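Here's the structure, in structure tokens; my notes come after.
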Amino acid sequence: MSETKPKSWRDNIVLFGALAANLGIAVAKFIAAAITGSSSMLTEGVHSVVDSGNQVLLLYGQRRARRPADAAHPFGYGRELYFWAFVVAILIFAIGAGVSIYEGYLHVMEPEPLVDPLVNYIVLGIATLMEGASWTIAMREFNQTRGEVGWWQAIHDSKDPAGFMVLFEDSAALIGLVVAAIGVWCSHYFNNPRLDGVASIVIGALLAAVAVLLAREAKGLLIGERADPAVIARARAIVAAHPGISAVNHVRTVHTAPDIVFAAISADFDDHLSMGAAEALIETIETELRTTLPQLKSIYIRPEKTADAVTF
């Protein structure tokens with residue numbers, strides 16, 4: 001069985017919280033940009049719209065990934081979530097960063113007259129509170145899953161892109177809000193509206209950097225990453241503990257979904273075992289592996305002489 005476990009709305013609270021925050025913030029930013037003519041506020045509005053679309057795509061990817069295995073996809077559709085995560089990274093780069101940099105360039109070349117920035121500051125303050133709430137939810141959920149592992153290592157090891165992608169988006173959004181506020185303040189303090197355009201370009205560069213980072217992580221998941229080394233070591237120990245096994249040549253794993261792993265195991269069986277005894281032993285080992293490591297949904301155990309096995 002290769003069907004992923006259905007998630008309730010509580011399991012997706014990070015995505016739903018970020019979606020609600022970004023939709024409300026986007027409306028407020030666009031209104032402020034229309035009133036004040038601020039380039040950085042318009043850029044921030046585009047940023048929020050892109051983030052909202054990203055959350056929708058990740059939710060869609062999760063729904064598609066939950067489809068059960070069939071003849072065409074015997075290991076299920078779990079990796080479709082990784083595909084949509086990669087699409088999200090591309091959208092951040094192409095639309096979020098691209099529009100921000102382009103809009104900033106236009107504003108530098110053709111600056112608009114300055115108006116009262118009070119509306120911008122009010123919207124930026126509200127946006128910071130809402131983004132901060134979304135970031136807090138994402139950080140809390142991420143900390144629960146990472147345990148004692150370092151922050152960056154946990155992101156690199158994570159097989160569920162939804163959590164760390166929202167965390168990165170919210171972090172970039174909070175930094176972008178600070179940059180936008182600095183840009184609005186500097187443009188008025190120095191009476192130079194071009195500085196607001198410069199802030200927009202800086203926000204675009206920030207989004208481009210985040211997009212490249214997320215694309216790198218999503219690419220690894222899409223290609224196929226091994227299970228946690230602790231899971232591999234545990235599986236090896238279970239197989240090696242059986243008296244009929246002379247040696248475990250290798251345990252190769254790949255995530256087909258965030259919580260589903262395919263395992264291919266090569267083991268050297270005792271030469272004195274009959275065919276029937278070897279088959280019974282394989283069934284026993286598979287049952288123990290599934291009981292101890294429930295994420296191993298598909299297990300293939302191959303009897304193979306150690307001398308003939310490729311052990312990389």
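Keep in mind that what you see is a predicted model, and the values were worked out from it rather than measured.
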If hydrophobic residues (ILVMFWY) are linked whenever their side-chain heavy atoms come closer than 4.5 Å, directly or via other members, who joins [X] in its cluster?
X: Ile126; value: Ile25, Leu118, Ile122, Met130
X: Val212; value: Phe93
X: Val178; value: Ile182

Side-chain heavy-atom pair [X], [Y] within 4.5 angstrom cut-off:
X: Leu81; Y: Gln62; answer: yes
X: His255; Y: Phe262; answer: no
X: Lys297; Y: Asp259; answer: no
X: Ile101; Y: Ser200; answer: no
X: Glu286; Y: Val239; answer: no
X: Leu57; Y: Leu91; answer: yes

Who passes ring-ring contact (aromatic ring centres under 6.0 Å, His included) against [X], sequence neighbours left out?
X: Phe86; answer: none
X: Phe142; answer: Trp151
X: Phe190; answer: none
X: Tyr300; answer: none

List the steps and the verdict of side-chain contact (heavy atoms from CB on, under 4.5 Å) for Lys29 and Leu177.
CA-CA 11 Å; Lys29 288 176 180 176; Leu177 288 170; 3.8 Å; yes
Distance from [X] atom [atom1] to [Y] atom [atom2], nearest 0.5 Å?
X: His188; Y: Asn120; atom1: NE2; atom2: CG; answer: 7.5 Å
X: Ile203; Y: Glu103; atom1: CD1; atom2: CD; answer: 11.0 Å
X: Cys186; Y: Asn191; atom1: SG; atom2: CG; answer: 12.5 Å
X: Ile137; Y: Leu15; atom1: CD1; atom2: CG; answer: 11.0 Å
X: Leu58; Y: Met165; atom1: CG; atom2: CE; answer: 6.0 Å
X: Ile282; Y: Ile301; atom1: CD1; atom2: CD1; answer: 6.0 Å

Using every non-hydrogen atom in the two residues, find where [X] and [Y] come nearest and quote the distance to one decimal.
X: Lys159; Y: Pro161; answer: O-CD, 3.6 Å
X: Ser298; Y: Phe75; answer: OG-CD2, 3.8 Å
X: Thr253; Y: Ala263; answer: CG2-CB, 4.1 Å
X: Pro193; Y: Ser187; answer: CA-CB, 4.0 Å
X: Ala199; Y: Gly183; answer: CB-CA, 3.7 Å

Same cluster or not: [X] versus [Y], using hydrophobic residues (I, L, V, M, F, W, Y) connected whenever any side-chain heavy atoms lie under 4.5 Å apart?
X: Leu289; Y: Ile245; value: yes
X: Val46; Y: Ile175; value: yes
X: Ile92; Y: Tyr60; value: yes
X: Val27; Y: Ile35; value: yes
X: Ile299; Y: Ile260; value: no

Run the numbers on Asn249 and Ser266 for side chain to side chain donor-acceptor pair (under 3.5 Å), then give the verdict.
CA-CA 5 Å; Asn249 301 320; Ser266 169; 2.9 Å; yes
Of all residues at least two apart in sequence or in a different chain, which pass the salt bridge (charged side-chain N to carboxylate O under 4.0 Å, His left out) check with Glu80?
Arg64, Arg67
If the condition is side chain to side chain contact (heavy atoms under 4.5 Å, CB included), which residues does Ala28 pass it with, not counting sequence neighbours?
Val123
Thr292 meets the side chain to side chain contact (heavy atoms under 4.5 Å, CB included) criterion, sequence neighbours left out, with Arg234, Ile238, Glu288
Please tabulate, for side-chain N and O atoms in residues 219-233, each donor-acceptor pair with protein atoms closer than 3.5 Å (sequence neighbours left out).
unit_1 : atom_1 : unit_2 : atom_2 : d
Asp228 : OD1    : Ala230 : N      : 2.7

Donor-acceptor pair, [X] side chain versus [Y] backbone, under 3.5 Å?
X: Glu217; Y: Leu213; value: no
X: Asp170; Y: Glu131; value: no
X: Thr256; Y: Val261; value: no

Contacts under 3.5 angstrom, residues 269-281 side chains, donor-acceptor by atom type, not counting sequence neighbours:
unit_1 : atom_1 : unit_2 : atom_2 : d
Asp270 : OD1    : His272 : N      : 2.9
Asp270 : OD1    : His272 : ND1    : 3.1
Asp271 : OD1    : Lys305 : NZ     : 2.0
Asp271 : OD2    : Lys305 : NZ     : 3.1
Ser274 : OG     : Ala277 : N      : 3.2

Between Asp268 and Thr306, does any side-chain donor sit less than 3.5 Å from a side-chain acceptor?
yes
Would you indicate whether Tyr102, at its atom OH, is surrounded by more than 12 heavy atoms from other residues, nucleotides or ligands within a distance under 6.0 Å?
no
Plane angle bin for Phe168 and Phe164 - parallel if under 30°, tilted between 30 and 60°, otherwise perpendicular
perpendicular
